[in-house]
Amino acid sequence: MRKFMVTLTLPVYFSEEFVRLIPEQRAMIVRLLTEGKLASFSLSMERSHGWMVANADSVQKVEALLDTFPMIDFFEYEIAELAMYDVQHMGMPQVMLN
């Protein structure tokens, strides 16, 4: 499975329809993270850009995944295949014996 960085550019102004779709989009992101189709998702503080790492076999599969997003009509995106993707382990907290 290959990894792809997806950079999202969100609209400057959020329409009522955009705001209405936020809960559905957020639920989809959580589901895709749980299923392992996404490795991560981040949103800038000013909510103008988002970044996600997708697990897929090809750019076309990532595009097909993005096409299922409820908010697909409201953002532009760029996809880049990653050569490496290192993350901090987020498992169980380390036990500290005092």
Side-chain angles (χ1 to χ4, degrees):
M1 190 73 53
R2 295 155 51 191
K3 295 203 179 295
F4 297 86
M5 174 63 74
V6 180
T7 301
L8 306 171
T9 303
L10 283 70
V12 175
Y13 301 105
F14 294 172
S15 68
E16 286 182 32
E17 184 179 0
F18 181 92
V19 172
R20 182 182 56 77
L21 291 171
I22 290 173
E24 185 179 351
Q25 180 67 47
R26 184 70 186 128
M28 177 175 241
I29 295 295
V30 170
R31 182 176 55 79
L32 293 172
L33 286 164
T34 302
E35 293 173 355
K37 293 180 181 178
L38 292 181
S40 64
F41 180 83
S42 302
L43 183 65
S44 65
M45 184 61 80
E46 66 277 354
R47 292 169 173 74
S48 62
H49 290 86
W51 301 271
M52 65 182 89
V53 175
N55 298 311
D57 293 325
S58 67
V59 170
Q60 293 79 14
K61 297 262 178 143
V62 176
E63 289 173 336
L65 179 67
L66 293 171
D67 284 342
T68 67
F69 282 17
M71 293 180 151
I72 186 64
D73 294 332
F74 295 96
F75 57 76
E76 297 177 8
Y77 61 84
E78 293 181 25
I79 301 170
E81 186 170 3
L82 299 175
M84 57 180 2
Y85 176 69
D86 294 332
V87 295
Q88 181 180 10
H89 179 67
M90 300 297 287
M92 295 294 292
Q94 186 176 11
V95 176
M96 301 295 275
L97 301 174
N98 294 353

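These numbers were taken from a predicted model, which means no experiment stands behind them. Just so you know, residue 1 is the first one in the sequence shown, and it goes up from there.
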- Under the side chain to side chain contact (heavy atoms under 4.5 Å, CB included) criterion, do Phe69 and Ile29 qualify, and how do the steps go? CA-CA 9 Å; Phe69 282 17; Ile29 295 295; 4.0 Å; yes
Report whether [X] and [Y] are members of the same hydrophobic cluster (ILVMFWY, side-chain heavy atoms less than 4.5 Å apart, transitive linking).
X     : Y     : result
Val59 : Val53 : no
Val6  : Tyr85 : no
Leu82 : Leu32 : no
Leu66 : Met5  : no
Ile79 : Met1  : no

[X] [atom1] to [Y] [atom2] distance, which is reported to the nearest 0.5 Å:
X     : Y     : atom1 : atom2 : value
Lys3  : Met52 : NZ    : CE    : 14.0 Å
Asp73 : Met71 : CG    : CE    : 11.0 Å
Glu17 : Ile22 : CD    : CD1   : 12.0 Å
Gln60 : Asp67 : CD    : CG    : 11.5 Å

Any side-chain heavy atom of [X] within less than 4.5 Å of one from [Y]?
X     : Y     : value
Phe41 : Val30 : no
Glu24 : Leu21 : yes
Thr9  : Glu78 : no

Just wondering, are more than 12 heavy atoms of other shown residues or ligands nearer than 6.0 Å to [atom1] in [X]?
X     : atom1 : value
Glu35 : CD    : yes
Glu16 : CD    : no
Lys61 : NZ    : no

- Message: If we ignore hydrogens and angles and just use 3.5 Å, is the side chain of Arg2 paired with the main-chain N or O of Ala56 as donor and acceptor?
- Response: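 Not at all, since once roles are kept as given, no pair shorter than 3.5 Å links the two residues.
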- Arg20 side chain vs Phe18 backbone, donor-acceptor pair below 3.5 Å: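 No; judged by distance alone, with no hydrogens or angles, the pair does not exist.
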- Task: List the atom of Leu33, the atom of Ala39, and the distance in Å for their closest heavy-atom pair.
- Result: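 Smallest interatomic distance, heavy atoms only, reads CD2-C, 3.9 Å.
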- Task: Search all heavy atoms of Ser58 against all heavy atoms of Phe4 and return the closest pair with its distance.
- Result: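 For Ser58 and Phe4, the tightest heavy-atom pair comes out as C-CZ, 3.7 Å.
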- Can you check side chain to side chain contact (heavy atoms under 4.5 Å, CB included) on Lys37 and Asn55, steps first, answer last? CA-CA 5 Å; Lys37 293 180 181 178; Asn55 298 311; 5.9 Å; no
- Item | Stepwise side chain to side chain contact (heavy atoms under 4.5 Å, CB included) test for Trp51 and Ser44 | CA-CA 8 Å; Trp51 301 271; Ser44 65; 3.9 Å; yes
- Item | Evaluation steps, side chain to side chain contact (heavy atoms under 4.5 Å, CB included), between Leu10 and Leu43 | CA-CA 10 Å; Leu10 283 70; Leu43 183 65; 4.3 Å; yes
